[in-house]
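Note sheet for the following structure.
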Amino acid sequence: MLLAGFLILVTGVTEPQTHYVRRLDMPLPQEDSFTSYVYAFGDVAVFSYSNNNHVRLLTHEGDIVWEGTLGRDDYRLIRELPSGDSLPYGPYTVTADRMFSVLAGNATPSTDGWTAVDGYGQPQSTKYLTLGPDASRYTYDNYQVQSCIVIFSYHNDTHIQIRNLDDSTIIWEGDLDSLEYHLWEVTPEDDVTAVAIESSKPVSAVTCGGGVGMYAPAFNGTFTGKDFITYLNYFHHRPTDKQGLNIIPWEDSTTVTAFNLDDLTDTICEVFCDKQGAVKGKIINEDEVDPRAIYIHSDKDISISQSPFLYEKDSSDLWNIGEYLTRGIERSGRYFGTEFYLPIIYTGGGEYLYEGSRLCVVAYNENTHIKVTQTPYEGGDELHIWSGFLDRGEYYTYLFDTFWTSPPAPCVICHVTSSNPVSVCNWTVISTPFPIDSGFVAGADFWPVWSEEKAKPIEVRPDQIGEGLPMDTFTCELEVINNTYDDDVVEIFTTTTQNGWLHEVLDSADNLLGDTDLDGMLDVGLLPSDGGLARLRVKVEIPKGEIARREDTFIVYGRSSNNAVLYDSAIVITRVLTGGELVIEPDQEGEVSQDTRDLRYMLKVINTVNNTRTGDITWLSSMNLPVEIYETDGKTELTDHNANGIPDVGELDAFTGRCTLWVEIQLPTDYDPTLGQIDSAGPPGSAFSDTDTTAVYVSSDGQSADSAVLITSVMPGLNMHNFPNPFENETRIVWSQPEDGEVTIRLADRAGRPVATIHEADCQAGIHSHLWQAETSSGDTLAPGVYVIILEYQPQDGSKRRILTKALHTGRRQ
């Protein structure tokens with residue numbers, strides 16, 4: 001039986017269906033479950049990182065292929081997959097009670113290579129469970145194949161052990177420093193199916209055996225970053241067999257350099273990527289080039305995939321290329337995300353009949369909008385392939401059917417965007433019914449587990465919001481949990497607070513947090529693996545006189561001492577309560593300028609309790625601007641009705657009592673933001689404005705009840721000056737404008753004759769500057785003398801053009 005949309009061709013059959021959307025008849029990921037959707041041509045390997053882990057493998061129709069319970073450091077290689085007329089089919093789903101990883105495709109006996117990930121989906125860790133390379137393909141078709149596992153170290157004094165999962169024997173044990181690696185070449189004499197790789201500090205591990213279809217791990221513990229280490233093995237040593245890199249730039253104008261890791265002075269190549277998503281292929285290992293470890297550095301974020309046969313713009317060896325499988329990496333460096341650039345190698349023709357490469361997008365949320373486009377390798381606009389909505393558990397596939405094109409294009413760059421996180425993969429589709437163990441149905445990769453984002457190695461929880469009145473202390477409790485595989489001293493550090501409020505982090509005994517391991521970092525002490533827990537208390541003091549409804553944000557981070565990549569945080573937000581009796585509202589924003597020097601705000605004061613209240617009114621301006629407050633008529637200045645020395649709104653009835661206040665903010669007549677401050681307005685073209693925050697408080701019986709915040713931007717008027725003046729060789733002309741508009745600055749002599757056009761452009765409201773080298777329009781040096789600067793300003797709102805003039809004096813020229 002074959003899955004519709006994954007049709008198998010034989011010679012003479014008509015063109016296959018290209019687009020297909022259907023639903024998975026499988027258990028959907030639950031909030032508390034661990035679930036993965038995988039594609040498999042030959043086998044599925046499930047690795048358990050916890051004891052009593054009940055695992056099920058199901059077909060796309062929900063039929064159970066295998067079910068059992070795995071222990072910690074246990075695995076199951078499932079090769080008895082249901083098959084159709086000629087090939088097994090995907091997708092499958094894997095569910096488990098606890099954390100696991102899954103390698104699927106056709107890993108044995110036709111190993112193409114992969115980067116190992118741990119139970120959290122991370123390619124840099126202190127523990128991996130993975131299959132070993134296929135030793136049976138050490139020689140193939142009279143050519144030699146390098147089957148190996150390569151372990152890379154990122155830290156000095158890293159102790160590493162490789163252990164056989166079947167009998168727990170130690171295969172290799174040793175120490176590596178930063179940028180060193182261990183290469184274990186597997187021969188037919190090595191009887192190893194699966195291994196555990198454990199280390200004292202984070203490492204990465206790649207498996208190579210034949211062609212390689214995988215992503216390179218980054219130094220930051222994901223698959224996206226600026227620095228990478230990976231390995232290019234040898235495969236057959238035939239002229240058509242090449243290995244190299246697909247560089248996926250996540251920013252424009254990105255430069256990538258590859259070095260020989262064994263000799264970092266040896267620069268292998270440099271690749272420039274001009275546009276985000278414009279994937280560049282670079283062949284590294286040509287025929288007869290020894291395998292090598294390489295170090296890649298980029299000046300901006302990239303991802304790197306390795307393919308069995310790399311494409312380049314001028315390469316002609318593209319017709320008969322290898323089969324492989326790989327899943328996509330999102331720009332965050334994880335498997336799940338909302339944007340992917342997937343380099344897809346066209347396949348077809350030659351000795352074997354390939355249909356092409358198939359893309360698959362799986363949705364995990366309802367009403368997820370998907371858009372699939374093709375980014376032309378030669379540049380230009382993206383080509384639309386498909387867009388539509390998928391619900392949770394639905395998937396979309398598309399066949400890049402190069403067999404049906406003549407001549408076939410060498411490659412495509414597939415761009416997938418979505419409204420909710422999805423997973424993406426692609427694989428080669430073979431029409432000829434080869435047996436699974438032939439080696440022609442190849443490729444495998446680790447697949448994303450839906451609960452990876454929830455199963456955090458280090459947890460600090462929960463996020464909290466607290467409330468209190470000024471001078472109150474808010475206290476909250478946090479939990480720090482170690483879910484890693486090793487005992488760990490979890491370090492604690494915090495951010496500075498949003499508004500500078502006093503925060504203290506205490507242990508469970510209410511003592512200030514200390515440094516138990518004496519490494520200079522605060523910590524919670526040693527926590528056992530698999531759920532070790534510590535409790536913290538955070539105390540927040542709300543300052544006296546704080547504005548009601550104002551918030552302060554404080555973040556507490558927990559980080560693994562074993563692996564700095566593993567961390568989590570909890571956010572503590574503290575909010576100032578109102579007094580619960582009198583309310584003043586709303587908060588508002590406005591602008592004043594030289595042209596409009598005063599602004600009025602309307603506020604409402606409301607009594608919310610079941611008795612009368614007299615609301616005293618006080619206020620504070622951050623810039624000490626003149627503030628006047630008027631009663632409901634807008635004319636009578638607020639007075640002290642109850643003779644307590646504080647202006648008030650008078651007595652307000654219970655529940656329904658309310659009144660209107662008018663707050664007038666004034667810009668002093670001698671205030672000009674273009675004088676004294678304009679010269680420090682920032683780089684040329686920067687906008688500048690002062691901002692005043694006026695808080696208006698309402699209180700009763702001396703207790704602050706509520707406040708309204710009025711934010712007033714002081715925008716500059718139209719003005720101009722230059723400095724120095726007089727000048728000799730150059731002067732900076734600075735001007736301000738209250739609105740967006742066209743600005744032209746010209747120079748004339750005292751007779752009004754034009755001398756030079758200094759500046760002409762559309763400019764935003766604010767303050768701007770232009771450094772002028774005192775040259776005339778003809779390029780001559782300006783002669784000493786007295787000139788007139790003329791500024792013409794045309795606001796975009798169509799109001800009347802305005803003109804400013806100013807005398808300019810030049811001195812003796814050098």
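Note that these values count all heavy atoms, side chains included, but never hydrogens, waters or copies made by symmetry.
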Is the H415 ring parallel, tilted or perpendicular to the Y341 ring (thresholds 30°, 60°)?
parallel
Short side-chain donor-acceptor distance under 3.5 Å, W447 and S101
no
Between F219 and F228, is the ring centroid distance below 6.0 Å?
no
State, to 0.1 Å, how close T115 and Y215 come at their nearest heavy-atom pair, and which atoms those are.
OG1-O, 2.5 Å
Which atom of V422 lies closest to which atom of I370, heavy atoms considered:
CG1-CD1, 3.7 Å
Salt-bridge present (D301, K226; N to O < 4.0 Å):
yes
Y181 and F152 have their tightest heavy-atom pair at CB-CD2, 3.5 Å
Between the side chains of R163 and D73, is the shortest nitrogen-to-carboxylate-oxygen separation below 4.0 Å, so that they form an ion pair?
yes
Applying the side chain to side chain contact (heavy atoms under 4.5 Å, CB included) criterion to T158, which one of S153, P202, S178 satisfies it?
S153
Salt bridge (Lys or Arg N to Asp or Glu O under 4.0 Å): which pairs involve residues 214-223, sequence neighbours left out?
none
Strictly by modelled atom types, are N220 and T222 linked by a side-chain donor-acceptor pair under 3.5 Å?
yes
Which heavy atom in V460 sits nearest to a heavy atom in Y557, and how many Å separate them?
CG2-C, 4.3 Å
Would you check if there is a donor-acceptor pair between the side chains of Y295 and D227 at a distance under 3.5 Å?
yes
Could you tell me whether K127 atom NZ has more than 12 heavy atoms of other residues or ligands within 6.0 Å of it?
yes
Atom pairs and distances, side-chain donor-acceptor, residues 249-256, under 3.5 Å, sequence neighbours left out:
from	atom 1	to	atom 2	distance (Å)
W250	NE1	S303	OG	3.0
D252	OD1	Q276	N	2.7
T254	OG1	E251	O	2.9

Can you check whether V195 reaches Y75 side chain to side chain, under 4.5 Å on heavy atoms?
no
Which residues pass the side-chain hydrogen bond (donor to acceptor under 3.5 Å, both in side chains) test with S418, sequence neighbours left out?
none
Any chance the side chains of D523 and T516 put a donor and an acceptor closer than 3.5 Å?
yes
What one should report as the nearest heavy-atom pair of T338 and P421 is CG2-N, 3.9 Å
Would you say H159 and E198 are linked by a side-chain donor-acceptor pair, where the criterion is simply a distance under 3.5 Å?
no
Exercise: identify the closest heavy-atom pair between D177 and N156:
CB-OD1, 3.3 Å
Treating D445 as the side-chain partner and L103 as the backbone partner, does any N or O pair qualify as donor plus acceptor under 3.5 Å?
no
Quick check: do Y335 and S423 have side-chain heavy atoms less than 4.5 Å from each other?
no
